[in-house]
Amino acid sequence: MMNRRTFLCGLTLGMSSGPLAAGAQQARVYRIGVILQGGPYYAAIDGLRDGLRELGLEEGKQFVLHVRDAKGDLKSVEAAARSLEEQKVDLIYAIGTSVTRAAKRATKSVPIVFYVGTDPVAVGLIESFRKPGGRLTGIHGQFTALTGKRLQLLQEMVPGLRRVVTFYSPDNPAARQSVTIARDAARQLKVELVERPVASVEELRASLRALRPGEADAFLFVADAMVNSQEELIIDTARAKRLPTMLPYKGSVAKGALASYGESYYALGRLSAKHVQRILLGADPGNLPVEQLDRPQFVINLKTAKALGITIPPSLLGRADEVIQ
């Protein structure tokens, strides 16, 4: 009888342990490290949150985000990536080409989902778009490739445009590629590109203060996360010096820039959620194709144009996806 009771008791416990085990698995909270350079990149985090929610993952119950803002400092990116891996996060979401390259260098085994605006094969992040290999995959946008088109639109909006200033880090491969595209476009458009290499946020601030009246007619952003992280400072400086500004992404034009041509960081973050979810559920990042996003939007801030005394041609307004009054 004792053996029979022991057997029945064990059978009952075994049957009841199935749902309990399943419930324990369902109760797991995934830990996602996020590394960014601050500024406009926070919109990608908002998009990631919404994308994960749409996929059935609720923040605080199914996942938590460990956000690390490097504030334009790549050394801080590497330190953050190492720390997150030591804390055993389930994956790292890296926003920006330079951030992704630094996170890859600093870590050994943690999966990385990225958004990059430069060809990830060309900068050594993955083996191919269809089969990335390794532990990285994500979203590729047209941030860098559209540099020349932005300069062309800027010239169409600003009559008599002669000199355009841009700031970038010469140590950033994405920035160097973007500046090369800008040089070629400037040559074709007969516009002088005034290049201001900066190695840090401090150098950028000093260069902005040193910008003299008449040195440039407009400001062009190129593909440099360190510089772009300081967009509010740049827009404020450009407004004070009465310089129209062309942004490479939608979302911040309303802060005082003249226009933007590019993708939305929010949309990119929302799209990244698919890769994040699949990796959290066990997919191999090396087998997940990199998704390419090519839906740039042209936004014009008419209020800024009026403040600068610029009349936007009706034909150009008609081509805009959005006009801010």
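On a predicted model such as this, the values are computed, not experimentally measured, just so you know.
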ask   = Quick check: are there more than 12 heavy atoms from other residues, nucleotides or ligands sitting under 6.0 Å from CZ of Arg163?
value = yes
Working to the nearest 0.5 angstrom, can you tell me the gap between [X] [atom1] and [Y] [atom2]?
X      : Y      : atom1 : atom2 : result
Leu247 : Leu154 : CG    : CG    : 10.5 Å
Thr137 : Asn287 : OG1   : CG    : 9.5 Å
Ser272 : Ile95  : OG    : CD1   : 8.0 Å
Glu192 : Arg183 : CD    : CZ    : 12.5 Å
Leu151 : Lys149 : CG    : NZ    : 11.5 Å
Leu268 : Lys250 : CG    : NZ    : 12.0 Å

Contact between [X] and [Y] at the side-chain level, heavy atoms closer than 4.5 Å - yes or no?
X      : Y      : result
Asp90  : Ile32  : no
Thr166 : Val194 : no
Val253 : Ile324 : yes
Lys274 : Glu291 : yes
Tyr115 : Tyr93  : yes
Leu65  : Arg49  : yes
Lys241 : Leu211 : yes
Val121 : Val290 : no

Non-neighbouring partners of [X] that pass side-chain hydrogen bond (donor to acceptor under 3.5 Å, both in side chains), sequence neighbours left out:
X      : result
Ser229 : none
Arg82  : none
Arg176 : none

Heavy-atom closest contact ([X] atom, [Y] atom, distance):
X      : Y      : value
Thr100 : Ala94  : OG1-CB, 3.5 Å
Leu193 : Val179 : CD2-O, 4.2 Å
Asn172 : Ala223 : ND2-O, 4.1 Å
Arg295 : Glu263 : N-OE2, 3.9 Å
Ala103 : Val77  : N-CG1, 4.2 Å
Leu161 : Ala218 : CD1-CB, 3.7 Å

Assess whether a salt bridge exists between [X] and [Y], defined as any Lys/Arg side-chain N lying under 4.0 Å from an Asp/Glu carboxylate O.
X      : Y      : answer
Glu156 : Arg319 : yes
Lys108 : Glu85  : no
Asp73  : Lys71  : no
Asp284 : Arg278 : no

note = Here the ring pair (Phe, Tyr, Trp, His ring centres under 6.0 Å) pairs for residues 120-139, sequence neighbours left out, are Phe129-His140
ask   = Can you list every pair that meets ring pair (Phe, Tyr, Trp, His ring centres under 6.0 Å) and has a residue in residues 165-209, with sequence neighbours left out?
value = Phe167-Phe219
request  = Using the test ring pair (Phe, Tyr, Trp, His ring centres under 6.0 Å), find all partners of Phe143 that sit at least two apart in sequence or belong to another chain.
outcome  = none
Will you find, in the side chains of [X] and [Y], an N or O donor that is under 3.5 Å from an N or O acceptor?
X      : Y      : result
Thr147 : Ser178 : yes
Tyr266 : Asp50  : yes
Gln87  : Ser83  : yes
Arg135 : Thr107 : yes

query = Among Arg105, Lys104, Arg101, Arg68, which residue meets the salt bridge (Lys or Arg N to Asp or Glu O under 4.0 Å) test with Glu78?
reply = Arg105
message = Working note: Lys255 + Glu232, criterion salt bridge (Lys or Arg N to Asp or Glu O under 4.0 Å); need CA distance, chi angles, decisive distance, verdict.
response = CA-CA 8 Å; Lys255 294 179 180 179; Glu232 287 196 31; 3.3 Å; yes
task = Test Tyr249 against every option in Tyr265, Tyr261, Phe298 by the ring pair (Phe, Tyr, Trp, His ring centres under 6.0 Å) rule and name the one that passes.
result = Tyr265
Among the clusters formed by ILVMFWY side chains lying less than 4.5 Å apart, do [X] and [Y] turn up in the same one?
X      : Y      : answer
Val201 : Val227 : yes
Val191 : Leu308 : yes
Leu208 : Phe221 : yes

task = Evaluate side chain to side chain contact (heavy atoms under 4.5 Å, CB included) for Val164 paired with Asp217, printing each intermediate quantity in order.
result = CA-CA 6 Å; Val164 177; Asp217 303 316; 6.0 Å; no
query = Run the side chain to side chain contact (heavy atoms under 4.5 Å, CB included) check on Tyr30 and Val89 step by step: do they pass?
reply = CA-CA 8 Å; Tyr30 295 103; Val89 295; over 6 Å; no
inquiry  = Using the rule given for side chain to side chain contact (heavy atoms under 4.5 Å, CB included), can you reason through Leu302 versus Thr304, listing the C-alpha separation, both sets of side-chain angles and the distance that settles it, and then say yes or no?
reply    = CA-CA 5 Å; Leu302 210 54; Thr304 298; over 6 Å; no
Quick one: does any side-chain atom of [X] pair with a main-chain N or O of [Y] as donor and acceptor, under 3.5 Å?
X      : Y      : value
Glu203 : Ala199 : yes
Gln62  : Val29  : no
Asp224 : Ser169 : yes
Gln177 : Pro173 : no
Gln155 : Leu189 : yes

inquiry  = side-chain hydrogen bond (donor to acceptor under 3.5 Å, both in side chains), that's the test. Do Glu231 and Ser252 meet it? Break it down for me.
reply    = CA-CA 8 Å; Glu231 62 154 23; Ser252 300; 2.9 Å; yes
ask   = With Val99, which of Ile92, Leu36, Ile35 fulfils side-chain contact (heavy atoms from CB on, under 4.5 Å)?
value = Ile35
task = Could you give me the CA-CA distance, side-chain angles and deciding distance for Val158 and Leu258, then say whether side chain to side chain contact (heavy atoms under 4.5 Å, CB included) is met?
result = CA-CA 10 Å; Val158 182; Leu258 176 63; 4.1 Å; yes
